[in-house]
Amino acid sequence: METVSTNRAHGGTQGVYKHASSATGTEMTFSVFVPDHTAGETLPVVWYLSGLTCTHANVTEKGEFREACARHRVIFVAPDTSPRGEGVPDDAEGAYDFGLGAGFYVDATEAPYAANYRMQSYIESELPALIGDQFPADMSRQSIMGHSMGGHGALTIALRNPDQFKAVSAFAPIVSPLNCPWGEKALSGYIGTDKAAWRAYDACALIQDGARLPDILVDQGTADNFLEGQLKPELLVETCKAAEQPLTLRMQEGYDHSYYFISTFMSDHLDWHAERLKA
């Protein structure tokens with residue numbers, strides 16, 4: 001692991017790091033905020049998964065999470081959204097919603113993407129092992145959150161790994177990739193045309209198929225321009241109600257899809273995560 005940069009902030013250290021990933025076959029960059037702590041002490045970990053077109057830098061620079069993380073004494077990890085580098089296949093037309101910056105947190109099975117687009121394995125296995133080895137992290141206390149495509153990633157990863165993550169929340173998540181254009185494009189390109197194989201990457205489908213969590217927190221802005229066509233939170237509400245899966249959905253009046261929205265409610269989400277990580 002190589003240190004790219006470190007800065008003091010809110011009584012802690014904000015770092016950016018990179019390493020050679022065996023999962024993606026590329027160099028991967030991520031950021032970690034570590035509150036000050038005593039020698040030998042370990043702290044719980046909150047993962048944040050970013051949305052389409054983003055890198056680790058978006059939330060690191062605009063997420064306004066450090067004060068709450070320092071107050072609750074939790075480590076905040078922000079990975080990239082896809083493999084990058086020369087030779088990594090991208091969308092043939094350079095579209096923003098597939099390829100570089102749009103890994104969708106899946107393990108691709110279709111050529112030519114299968115060789116590098118293994119973000120599920122990277123987030124669920126490889127990067128946690130690195131964090132546990134290189135940082136003062138208590139890996140028995142992890143939670144996960146995300147925005148948009150990253151909200152989809154957080155929900156599906158938590159639903160597939162309920163013993164690994166003690167809490168999950170999302171900002172404006174893609175709740176059902178099987179039922180929106182972003183998801184249909186990404187999953188058909190990465191996984192193939194058999195929609196039965198998509199269900200492992202769809203929060204609503206996972207709940208319908210029996211996955212359960214203690215509770216789920218979602219914030220969604222009412223002025224989000226992707227609300228009706230791509231995000232469709234009503235599908236998650238209907239699915240959770242039918243399955244008796246606890247869900248708190250807060251429709252935030254006038255908020256859009258941007259980091260103005262995310263940063264406004266970031267502290268609320270971290271309060272919610274910290275309560276469950278302490279339990």
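Screening L43, V34, V74 for a side chain to side chain contact (heavy atoms under 4.5 Å, CB included) with C69, the sole residue that qualifies is V74.
Scanning all heavy atoms of the two residues, the minimum distance from M28 to S21 falls at CG-CB, 3.6 Å. For the residue pair L52 and D97, the shortest heavy atom distance occurs at CD2-CA, 3.9 Å.
Annotation: F261 is not in aromatic contact with H147 [ring centroid separation under 6.0 Å not met]. Within the 6.0 Å centre-distance limit, the rings of Y122 and H19 are counted as a close aromatic pair. For Y113 and F104, the gap between ring centers reaches or exceeds 6.0 Å. In this structure, Y255 has its ring center under 6.0 Å from that of F265. A distance below 6.0 Å separates the ring centres of H257 and F226.
Proximity of S169 to W272: side-chain heavy atoms (C-beta onward) are separated by under 4.5 Å at one or more points. Side-chain contact between N161 and E124 is present, with at least one heavy-atom pair separated by less than 4.5 Å. In this structure the side chain of F98 reaches within 4.5 angstrom of the side chain of Y190, judged on heavy atoms. Considering only heavy atoms from C-beta on, D219 comes within 4.5 Å of H269 through its side chain. At a threshold of 4.5 Å between non-hydrogen side-chain atoms, the residues S267 and E64 do not count as touching. Between R212 and I207 the shortest side-chain heavy-atom distance falls below 4.5 Å. The shortest distance between side-chain heavy atoms of Q142 and K166 does not fall below 4.5 Å. Taking the side chain as every heavy atom from C-beta outward, V46 and V77 never approach each other to under 4.5 Å.
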Candidate pair V45 and M139, rule side chain to side chain contact (heavy atoms under 4.5 Å, CB included), full reasoning: CA-CA 7 Å; V45 178; M139 303 308 285; 4.1 Å; yes
Test side-chain hydrogen bond (donor to acceptor under 3.5 Å, both in side chains) applied to S121 and D107, step by step: CA-CA 7 Å; S121 293; D107 276 355; 2.5 Å; yes
Intermediate values then yes/no, side chain to side chain contact (heavy atoms under 4.5 Å, CB included), Q220 and L249: CA-CA 7 Å; Q220 172 65 62; L249 171 65; 4.2 Å; yes
Residue pair S143, H273: steps toward the side-chain hydrogen bond (donor to acceptor under 3.5 Å, both in side chains) verdict: CA-CA 7 Å; S143 68; H273 281 261; 2.7 Å; yes
Evaluation steps, side chain to side chain contact (heavy atoms under 4.5 Å, CB included), between L270 and F65: CA-CA 8 Å; L270 289 168; F65 56 86; 3.8 Å; yes
Derivation of the side chain to side chain contact (heavy atoms under 4.5 Å, CB included) call for L49 and I144: CA-CA 8 Å; L49 306 185; I144 191 166; 3.9 Å; yes
side-chain hydrogen bond (donor to acceptor under 3.5 Å, both in side chains) between R66 and Q14, intermediate numbers included: CA-CA 9 Å; R66 280 172 283 268; Q14 177 64 65; 2.7 Å; yes
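The backbone N or O of T60 sits nowhere less than 3.5 Å from a side-chain atom of S31 that would complete a donor-acceptor pair. Remark: the backbone N or O of M149 is not paired with any side-chain donor or acceptor of W182 at under 3.5 angstrom. Put simply, the side chain of D215 never gets that close to the backbone of P246: no donor and acceptor are under 3.5 Å apart.
The local environment of OH in Y260 is sparse, with at most 12 non-hydrogen atoms from other residues, nucleotides or ligands closer than 6.0 Å. Shown here is E41, whose CD atom has more than 12 heavy atoms of other residues, nucleotides or ligands within 6.0 Å.
A salt bridge links D268 to R250: one of the charged nitrogens lies within less than 4.0 Å of a carboxylate oxygen. We find that E27 and R84 are not joined by a salt bridge, their nearest charged nitrogen and carboxylate oxygen being 4.0 Å or further apart. Contact check on K232 versus E228 returns no salt bridge, with no Lys/Arg side-chain nitrogen under 4.0 Å from an Asp/Glu carboxylate oxygen. Using a 4.0 Å cut-off between a side-chain N of Lys or Arg and a carboxylate O of Asp or Glu, K195 and D202 do not qualify as a salt bridge. A salt bridge links K185 to D91: at least one charged side-chain nitrogen sits closer than 4.0 Å to a carboxylate oxygen.
Residues L127 and F33 fall into different hydrophobic clusters, defined by Ile, Leu, Val, Met, Phe, Trp and Tyr side chains chained together at heavy-atom separations under 4.5 Å. Both Y117 and L187 are part of a single hydrophobic cluster, where members link through side-chain heavy atoms under 4.5 Å apart.
A donor-acceptor pair shorter than 3.5 Å cannot be found between the side chains of E61 and Y259. Under 3.5 Å, the side chains of T24 and N116 contain no donor-acceptor pair of N or O atoms.
Taking CD1 from I174 and SG from C204, the interatomic distance works out to 12.0 Å, rounded to the nearest 0.5 Å.
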